[in-house]
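Single-structure report; data block below.
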Amino acid sequence: MELIITEKDNAARRIADILSGESASSTRRNGVNVYRWGGKRVIGLSGHVVGVDFPEEYSDWRDVEPVELIDAEVEKTPTQESIVAALRSLARDADRVTIATDYDREGELIGKEAYELVRDVNEDAPIDRVRFSSITEREVQNAFDNREELDFDLAAAGEARQTIDLIWGAALTRFLSLSARQLGDDFISVGRVQTPTLRLLVDREREIQAFEPDDYWELYADLEKDDDDFEAQYFYRDEDGNEAERVWDEDLADAVYEALAATDARTTVERVNRRTRTDSPPEPFSTTQFIRAAGTLGYSAQRGMSVAEDLYTAGYITYPRTDNTVYPDDLDPEELLDEFVGHYTFGDDAESLLEIEDIEPTEGDEETTDHPPIHPTGEIPKKSELSDDEWEIYELVVRRFFATVAEPAVWEHLKVVAELDGAVSIDLPEETDDVTLKANGKRLVEAGYHDVYPYFNTSENYVPDVEEGEQLAIAEARQEDKETQPPRRYGQSRLIETMEKLGIGTKSTRHNTIEKLYDRGYVEGDPPRPTKLAMAVVEAAEEYADRVVSEDMTSELERDMTAIAEGEATLDDVTEESREMLGRVFEELVESREEIGDHLQKSLKADKTLGPCPESDHDLLVRRARGGSAFVGCDGYPECEYTLPLPSTGKPLILDETCDEHDLRHVKMLAGRQTFVHGCPQCKADEAGEGPILGECPDCGDEHDGELAIKQLRNGSRLVGCTRYPDCDYSLPLPRRGEIEVTDEHCEEHGLPELIVHNGDEPWELGCPICNYREYQARESDSGSDLEALDGIGAKTAEKLADAGIESIDDLESAEPDAVAGRVDGVSEDRIRKWQAKA
DNA sequence: GCAAGGTC
């Protein structure tokens, strides 16, 4: 039996299909897919199935001095037990083994891990390696006809990286966490990739903080041509002879403005320049460029990749983790375009592209052996099979492929330079005696690839045809006061592009690294903004472990890995040298342990500080109750017990903005799509108490004495809500407009006063707010059950639920999952719990 | 509970 091992299940299935001529059948062994036909078996791993770690006796952070990790042994242990077991049992019966992992360094290492697992149970079977850069019939057949050997040197290069990353990362992470007494979930981590990435953000933040704006002015004039006018901007030549628009001298700006604004101001056209510019179509999608494009559609790096992975797993697009920007020879663009002909969304574009005579796809600079650039596979999903996000990303990938085989666009640029007539009595900048204006027009003459790829800005700027010597009056002049702006924060996709340029991280990990910075409390918001803790970690690293905060550590490691791969150095040479270096770092580090710990702790506290406590000399902090919910408490606790509530949904983020009245920073609650700005917690608490009390809260009145009151929210809407908010979020809606009168009449059923809304001529007797809301809900449910608003409940399911007596979200929330599951076919307890969580 | 790299 021949055993073929791939890096992932998906590749295993496709290779089995190709080699068997689609006759392979899928079976499961130990819960792992195995594809079989004749005497062949194919199994897919899940990337690395073994991992490196220190022996058990090093696992207690408090027991082990971090410095001891430097010379600790590093072991490899299975991390994917079931896959390892399945692999071993297949390997026992194999008389030939073929390693078909990805064609890159990490793939070679994963292959070597498989090799060793096989050798543990089978000493004799020959083990070959096949290499292919895309899973197409030709490439795969060719690879199996030209079997090669596993490259142990290349795998060793990968092992050097594993060892060095573990030792540096673990030793420094434990050192910082212990020195700041941050154990448990909130440890302080550093690493070869995350820390230089964080430094990029911190450096930018430092620039922003140090930035001092300068004033400047810009001057515009609308020039009249026939019945139209068009905007032209004042410019001059600076010392270097370059065109400059920013005027730094206010007196000069005023003088130019006056000259332009004079009632008789006229200009003469000095120059008219027309040129056409070719606008080449974009390159094929690498992971980084894909993330950037998805970013412009509003997807975070993580989300964009996650959607792409789903589309890949479903078979609609190729593997989304690739550095490659050159399509392989195997890809026949015409053939792929043909697949889209007749499609209701893409058909017309595909047909028009097929009319191009010689289709020559664009190419980027990066050509790699691992995977092709991301492109559609030709298996086209129905729109209804995909979620909105999936469809949007799928369309992006299809259209990007279209763009890479489309024709260039052509722009016509029209530049008009005009000069103010008559003598000007202004002290103008050097090398000019004139007030000169320019207008830059552009027009898309041939849309080219923009027709099939509508994601780029193609807005035109209209400038009419004018001739040299023509006189144009000034319709209006404008002087704009401006300020230079601080550099902008990195957005997620810019950050990923910069990481790629600096060579840190990989196509598969860069987006995860950014996510990790969020999880660790190093950055907040989007674009990511570093916290005080992040500043302190970077400062500590810069001072004591400069290597781990610089991208040079990666580039030097890359150099060493190349040396190992080429047989010029050994794994031991490289790791030993790295250990010595880390040893020297620790010599200085341990001397300053307390100082470093102090600084980190202060920064951690600063990240949680809102401002002064009204009842003591301490600060108010965001704290976490035992149950995990956040609230505001005093740093002077237990002497001062002052607290303020925070909403129960989401994770609090402290903003820079401060409340004028209480000097407290505003709070934003991060809760995915339901993220909202809570504002100053003191103001919110004050507001919550406002308004007349109507009666007992039906949800928590018995247990906690909650009461219902009329509340006005910051956004202007009003409601009847519990005074114990946010601990109790019972609420009833109220109309936005009109004055609300609380009458002496009380509802018999609920004991609440009847309300009257005065808005316009006719007062509206709203009545008891609970009864009013019930009626409103009844009207809503007449027009269709609100259950369908929940993700995962379609019309059919809603009908089935209604048959079982569950007609609304309220019903669902109060239902017992096991009872419902018993009454409704095909609906499990689990699903009901999920809906209840969503409701 | 540490890293970074695979993959889901």
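Order of the sequence lines fixes the chain letters, A, B, ..., with proteins taken first and strands second; residue numbering starts at 1 for each chain.
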From C-beta outward on [X], which listed nucleotide comes closest to its side chain: [options]?
{"X": "A/D102", "options": "B/dT7, B/dG5, B/dA3", "answer": "B/dT7"}
{"X": "A/Y319", "options": "B/dA4, B/dT7, B/dC2", "answer": "B/dT7"}
{"X": "A/T509", "options": "B/dG5, B/dT7, B/dC2", "answer": "B/dG5"}
{"X": "A/R192", "options": "B/dC2, B/dA4, B/dG6", "answer": "B/dA4"}
{"X": "A/K516", "options": "B/dC8, B/dC2, B/dA4", "answer": "B/dA4"}
{"X": "A/R161", "options": "B/dG1, B/dG5, B/dG6", "answer": "B/dG5"}
{"X": "A/V52", "options": "B/dG6, B/dA3, B/dC2", "answer": "B/dA3"}
{"X": "A/E106", "options": "B/dG6, B/dG1, B/dT7", "answer": "B/dG6"}

Is there ring stacking between A/W168 and B/dA3, where the centres must be under 5.5 angstrom apart and the planes under 30 degrees?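 Taking the rule of under 5.5 Å and under 30°, the ring of A/W168 does not stack on B/dA3.
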How long is the line joining [atom1] of [X] and [atom2] of [N], in whole Å?
{"X": "A/D165", "N": "B/dA4", "atom1": "CG", "atom2": "C1'", "answer": "5 Å"}
{"X": "A/D104", "N": "B/dT7", "atom1": "CG", "atom2": "P", "answer": "8 Å"}
{"X": "A/E558", "N": "B/dG5", "atom1": "CD", "atom2": "P", "answer": "9 Å"}
{"X": "A/I164", "N": "B/dA4", "atom1": "CD1", "atom2": "P", "answer": "13 Å"}
{"X": "A/I504", "N": "B/dG5", "atom1": "CD1", "atom2": "P", "answer": "10 Å"}
{"X": "A/M561", "N": "B/dA4", "atom1": "CE", "atom2": "P", "answer": "13 Å"}
{"X": "A/I70", "N": "B/dA3", "atom1": "CD1", "atom2": "C1'", "answer": "15 Å"}
{"X": "A/E56", "N": "B/dG1", "atom1": "CD", "atom2": "P", "answer": "11 Å"}

Flag side-chain contact, heavy atom, 4.5 Å: A/H371 against A/T318: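 Contact flag for A/H371/A/T318 side chains = no.
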Within-4.5 Å side-chain heavy-atom neighbours: A/L19 and A/I4: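 They are in contact (side-chain heavy atoms under 4.5 Å apart), so the answer is yes.
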Quick check against the 3.5 Å criterion: does A/R192 have a side-chain atom that pairs as donor or acceptor with the backbone of A/D165?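 No: the side chain of A/R192 does not pair with the backbone of A/D165.
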Checking the side chain of A/D607 only, and the main-chain atoms of A/K532 only, is there a donor and an acceptor separated by less than 3.5 Å?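 Judged by distance alone, yes, a pair lies under 3.5 Å.
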Taking only side-chain nitrogens and oxygens of [X], does any of them come within less than 4.0 Å of OP1 or OP2 of [N]?
{"X": "A/R520", "N": "B/dA3", "result": "yes"}
{"X": "A/T101", "N": "B/dG6", "result": "no"}
{"X": "A/Q194", "N": "B/dA3", "result": "yes"}
{"X": "A/K507", "N": "B/dG5", "result": "no"}
{"X": "A/T313", "N": "B/dC8", "result": "no"}
{"X": "A/S59", "N": "B/dC2", "result": "no"}
{"X": "A/S46", "N": "B/dC8", "result": "no"}
{"X": "A/R321", "N": "B/dG6", "result": "no"}

Taking any heavy-atom pair under 4.0 Å as a contact, classify [X]: base, sugar-phosphate, or nothing.
{"X": "A/D53", "result": "base"}
{"X": "A/G158", "result": "nothing"}
{"X": "A/Q80", "result": "base"}
{"X": "A/D310", "result": "nothing"}
{"X": "A/L109", "result": "nothing"}

Along DNA chain B (nearest heavy atom to each residue), the more 5'-positioned of A/V49 and A/R62: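 Here A/R62 is the residue nearer the 5' end.
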Quick check on DNA chain B: between A/R510 and A/F54, whose nearest nucleotide comes earlier from the 5' end?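 It is A/F54 whose nearest nucleotide is closer to the 5' end.
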Just one of A/R494, A/R510, A/H511, A/E551 clears the side chain to side chain contact (heavy atoms under 4.5 Å, CB included) bar with A/M499, so which one?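 Exactly one pass, corresponding to A/R510.
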Check this for me: does the side-chain of A/D9 come within 3.5 Å of the base of B/dC8 through a donor and an acceptor?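 Per atom types, no contact qualifies.
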Could you pull out the closest heavy-atom pair between A/G111 and A/I99, with the gap in Å?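 Shortest heavy-atom separation between A/G111 and A/I99 comes out as O-CD1, 3.3 Å.
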Any carboxylate oxygen within less than 4.0 angstrom of a Lys/Arg side-chain nitrogen, looking at A/K8 and A/D102?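 Judged by the 4.0 Å cut-off on N to carboxylate O distance, A/K8 and A/D102 do form a salt bridge.
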